[in-house]
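Shown next, in structure tokens, is the structure this report addresses.
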Amino acid sequence: MRVRFAPSPTGYLHIGGVRTALFNWLWARKKAGAFVLRIEDTDQERSTEASKQVILDSLKWLGLTWDEGPLFGGLGGGAHGPYLQMERLALYEKHADQLVAEGKAYRCTCTKEQLDAAREALKAKDPKANFRYPGTCRDAGHPKSSKHVVRFKVPTEGVVRYADLVFGEVVTPNAAQQDFVLLRSDGVPLYNFGAVVDDLTMGITLVARGRDHMVNTPPQIMLYEALGAQPPQFAHLPMMLAPSGEKLSKRHGAVSVGEYLDNGFSPTALLNYLVRFGWSFGDEEVFSLQDMIDKFDWARCNKSDGKFDAKKLAAINHEHLKQERLTPLETYVASVTPFLEKRGLDVVRDPRQRDLLRAAIPHVRERAKTYLEAAESLDFFLRDAPVFDEKATAKFLVAAAKPTLTEMADLVEGVADFTIEGLSAAFAKWLEAKGVQIKDVAQPARVALTGRSVSPGLYETIHVLGKARTVERLRAGAARIA
RNA sequence: GGCCCCAUCGUCUAGCGGUUAGGACAUCGGCCUCUCACGCCGGUAACCCGGGUUCAAUUCCCGGUGGGGUCGCCA
């Protein structure tokens with residue numbers, strides 16, 4: 001069993017593309033097959049080395065590792081390479097020659113300009129008209145030269161029929177096709193031909209891709225048959241649209257994987273959101289990577305297009321960050337660290353900082369929807385002194401709070417059982433003696449300790465900070481009050 | 001317009017002839033509470049329309065309508 005993901009390196013990796021890659025990857029992992037990555041760089045106008053790197057980088061960040069494909073960070077290689085189409089040109093020429101020799105394709109000397117003009121003329125006369133290549137060179141028998149394309153001789157009768165793993169039986173009349181181009185005049189293949197020759201020579205047994213490619217399947221099947229080969233299985237996935245129902249693009253929010261990385265999303269959570277898009281497993285919504293592999297199946301895919309929902313993605317992400325099962329502590333530490341570093345906090349070299357981080361994370365994980373937010377909430381734990389929020393300071397670090405903070409510092413200094421329970425008990429006793437409630441004193445203490453009016457619970461915060469820091473901050477807080 | 005595809009709450013979806021049509025997100029109440037969250041309880045909210053088939057259709061069939069994809073020497 002061999003599947004592939006074949007992006008073209010013409011920009012960032014789109015999350016719709018990630019969904020396609022994911023479904024292929026899951027199937028390969030589930031069936032112990034091979035997940036092949038192929039770069040379709042035959043559009044020389046738009047393909048760039050930089051976007052190829054971005055795509056490889058994005059896939060690696062997501063954990064969608066390829067068994068065969070371009071070499072990158074320890075991945076790639078394989079017996080069916082090269083995995084860049086521009087390095088496979090001889091293969092396409094060979095197959096095109098074969099088809100021409102067998103009379104299944106022909107050389108066409110009509111120029112792009114001529115055809116464009118004809119197309120324009122027809123459009124001008126009737127905007128809804130259906131332009132088709134008129135077949136000028138179909139039986140001309142042009143010899144091989146430098147100035148021709150190779151076209152496929154589409155059978156004029158019959159139908160193409162295939163059993164889509166998601167959509168069921170699809171039947172298309174051959175007459176709906178025109179004689180499409182296989183090879184450009186410079187010898188570079190067009191999409192359908194390149195994809196078929198590569199899928200064939202790479203031994204791909206199942207092609208899963210977006211429904212926007214469904215229209216390519218009949219001509220591709222014709223090519224397999226012309227080449228005397230058995231077509232692979234096909235599975236088309238419903239489309240992911242923008243909330244407005246139009247094509248999902250940048251103006252609908254983040255669509256490139258890089259933006260999710262930068263905004264502090266968990267790669268697994270992103271995949272979890274995407275796997276539920278066009279696929280379901282009863283009422284289950286939250287999956288680990290292994291859950292997805294175990295449960296994924298084409299039969300549970302559905303056929304109707306959907307709309308991207310950023311709020312649901314955020315909720316799934318939050319769910320992943322909350323659960324230790326889905327995001328183990330060490331993963332959390334590693335993932336949040338870059339965001340802490342962006343705030344000027346070094347947790348890589350200082351083991352004490354790492355310990356503090358480990359202790360603090362359980363208290364912020366249910367509060368932070370992203371690693372970016374988590375870094376914000378974790379900030380004061382890791383800093384020598386909190387950064388004071390102006391509004392919070394003005395509201396809570398007021399004259400009446402000054403003696404309270406000093407007393408609280410004394411209290412904490414004397415707590416022998418420095419656990420959350422011990423602190424809670426000590427505070428309870430103190431509060432009772434004072435005749436006040438925790439809510440009367442919590443906010444000034446919170447601001448003194450964290451610099452903000454929002455934080456984890458007071459006792460939890462004190463516990464993680466430790467006695468010395470707590471006492472120091474409470475006294476410093478009191479000192480800030482004139 | 002040709003060809004292809006689709007149709008359950010606002011959104012993602014469960015359902016595979018008989019259900020008070022379920023869940024999640026979002027939304028609106030409430031509880032919990034030292035802040036913010038988390039958590040918990042509850043509410044509003046859907047089978048596109050019309051014909052068949054059937055004792056019985058959200059479910060099967062046909063038609064309509066609506067939406068989407070695609071019609072390149074792009075992928």
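First the proteins, then the strands, lettered A, B, ... as listed; each starts at 1.
- Projected onto RNA chain B by closest heavy-atom contact, A/Leu313 and A/Glu169 fall at different nucleotides, the more 5' of which corresponds to A/Glu169.
- Look at OH on A/Tyr273: it is 13 Å from P on B/A26, rounded to the nearest Å.
- In this entry the distance linking CG of A/Asp309 with P of B/U27 reads 11 Å, nearest Å.
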Given protein heavy atoms under 4.0 Å, the one-letter contact record of nucleotides 64-75 of chain B, with B base, S sugar-phosphate only and - none, is simply ----BSSBSBBB
Dump the pairs, protein N or O against N or O of nucleotides 16-23 of chain B, anything under 3.5 Å, distances to one decimal.
residue: B/G22; atom: N2; partner: A/Asp283; partner atom: OD1; Å: 2.7
residue: B/G23; atom: N2; partner: A/Glu285; partner atom: OE2; Å: 2.7

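- For A/Ser266 and A/His320, the side-chain atoms include no donor-acceptor pair closer than 3.5 Å.
- The distance from atom NE2 of A/His318 to atom C1' of B/C25 is 14 Å, rounded to the nearest whole Å.
- Straight-line distance between the C1' atoms of B/A45 and B/A24: roughly 14 Å, to the nearest whole Å.
- Distance noted for atom C1' between B/C49 and B/A7: 12 Å (whole Å).
- Across the strands present, B/A24 finds its partner in B/U11; the criterion is a Watson-Crick or G-U wobble pair with both atom distances under 3.5 angstrom.
- Pairing partner, B/C40: B/G30, with both Watson-Crick or wobble hydrogen-bond distances short of 3.5 Å.
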List the steps and the verdict of side-chain contact (heavy atoms from CB on, under 4.5 Å) for A/Gln177 and A/Thr172. CA-CA 9 Å; A/Gln177 311 294 336; A/Thr172 312; 4.2 Å; yes
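- Pairing for B/C60 is with B/G52, a Watson-Crick or G-U wobble pair whose two hydrogen-bonding atom distances lie under 3.5 Å.
- Backbone-only contact: A/Ala176 has heavy atoms under 4.0 Å from sugar-phosphate atoms and none from a base.
- Comparing B/G2 with B/G10, their C1' atoms are spaced 35 Å from each other, to the whole Å.
- Looking only at atom types and distance, the side chain of A/Thr201 has a donor-acceptor partner in the side chain of A/Arg88 under 3.5 Å away.
- A side-chain donor-acceptor contact under 3.5 Å links A/Tyr106 and A/Asp179.
- For the pair A/Ile316 CD1 and B/C12 P, the interatomic distance rounds to 14 Å; values are reported in whole Å.
- Proximity of a side-chain donor or acceptor of A/Asp379 to a complementary backbone N or O of A/Glu376 within less than 3.5 Å is not detected.
- A side-chain donor from one of A/Arg446 and A/Gln443 sits under 3.5 Å from a side-chain acceptor of the other.
- Residue A/Ala315 is in sugar-phosphate contact alone, with no base atom involved, counting any heavy-atom pair closer than 4.0 Å across all strands shown.
- Taking the C1' atom of each, B/A56 and B/U13 are spaced 26 Å apart, rounded to whole Å.
- Atoms CD (A/Gln443) and P (B/A37) sit 12 Å apart, rounded to a whole Å.
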Check against side-chain contact (heavy atoms from CB on, under 4.5 Å), A/Phe308 and A/Leu313: CA-CA 9 Å; A/Phe308 176 75; A/Leu313 204 205; 4.0 Å; yes
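- Taking a 4.0 Å limit (strictly below) on heavy-atom distances, residues 362-376 of chain A reaches RNA chain B at A/Glu366, A/Arg367.
- For A/Phe427, the ring pair (Phe, Tyr, Trp, His ring centres under 6.0 Å) test picks out A/Trp430, A/Tyr459, with sequence neighbours left out.
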For a side-chain contact (heavy atoms from CB on, under 4.5 Å) check, start with the C-alpha distance between A/Val188 and A/Met86, then their side-chain angles and the critical distance, and finish with the verdict. CA-CA 8 Å; A/Val188 177; A/Met86 286 307 287; 4.0 Å; yes
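- Across all strands shown, B/U35 forms no Watson-Crick or G-U wobble pair with both distances under 3.5 Å.
- Remark: aromatic rings of A/Tyr371 and A/Tyr332 are close, center separation under 6.0 Å.
- Atom NZ of A/Lys391 and atom P of B/U35 are 18 Å apart (whole Å).
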For a side-chain contact (heavy atoms from CB on, under 4.5 Å) check, start with the C-alpha distance between A/Arg184 and A/Gln44, then their side-chain angles and the critical distance, and finish with the verdict. CA-CA 12 Å; A/Arg184 295 173 170 94; A/Gln44 295 175 84; 5.9 Å; no
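- Under the side chain to side chain contact (heavy atoms under 4.5 Å, CB included) rule, A/Leu99 has a single partner from A/Leu183, A/Val150, A/Leu182, which is A/Leu182.
- A distance of about 10 Å separates the C1' atoms of B/C9 and B/C47, rounded to the whole Å.
- Here the options are A/Trp298, A/Tyr162, A/Phe167, the test is ring pair (Phe, Tyr, Trp, His ring centres under 6.0 Å), and the partner is A/Phe234; only A/Tyr162 passes.
- Within a 6.0 Å sphere centred on NZ of A/Lys434, other residues, nucleotides and ligands contribute more than 12 heavy atoms.
- Straight-line distance between the P atoms of B/C36 and B/C31: roughly 14 Å, to the nearest whole Å.
- Here B/U70 sits opposite B/G2 as a Watson-Crick or G-U wobble pair (both hydrogen-bonding atom distances under 3.5 Å).
- Residues from residues 448-458 of chain A with heavy atoms under 4.0 angstrom of RNA chain B, sorted by number: A/Ser453, A/Val454, A/Ser455, A/Pro456, A/Gly457, A/Leu458.
- No side-chain donor-acceptor contact under 3.5 Å links A/Asn317 and A/Tyr273.
- Only the C1' atoms considered, B/C16 is 15 Å distant from B/G22, to the nearest whole Å.
- Atom C1' of B/C25 sits at a distance of 31 Å from the matching atom of B/G18, rounded to the whole Å.
- Among the protein residues, A/Gly194 comes within range of no part of the nucleic acid, since none of its heavy atoms lies under 4.0 Å from any strand.
- If you measure from atom CE of A/Met240 to atom C1' of B/U11, you get 14 Å, rounded to the nearest angstrom.
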Extract all donor-acceptor atom pairs below 3.5 Å that involve side chains of residues 215-226 of chain A and protein atoms in other chains or at least two apart in sequence.
residue: A/Asn216; atom: OD1; partner: A/Asn192; partner atom: ND2; Å: 3.4
residue: A/Asn216; atom: ND2; partner: A/His213; partner atom: ND1; Å: 3.1
residue: A/Thr217; atom: OG1; partner: A/Arg209; partner atom: NH1; Å: 2.9
residue: A/Thr217; atom: OG1; partner: A/Met214; partner atom: O; Å: 3.4
residue: A/Thr217; atom: OG1; partner: A/His236; partner atom: NE2; Å: 3.0
residue: A/Gln220; atom: OE1; partner: A/Arg209; partner atom: NH2; Å: 2.8
residue: A/Gln220; atom: NE2; partner: A/Asn192; partner atom: OD1; Å: 2.7

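- Taking atom CZ of A/Phe277 as the reference point, atom C1' of B/C6 lies 13 Å away to the nearest angstrom.
- For A/Lys307, the side-chain atoms get nearest to B/C12 when compared with the rest of B/C12, B/C4, B/C34.
- The partner of B/C16 is absent, by the rule that a Watson-Crick or G-U pair needs both atom distances under 3.5 Å.
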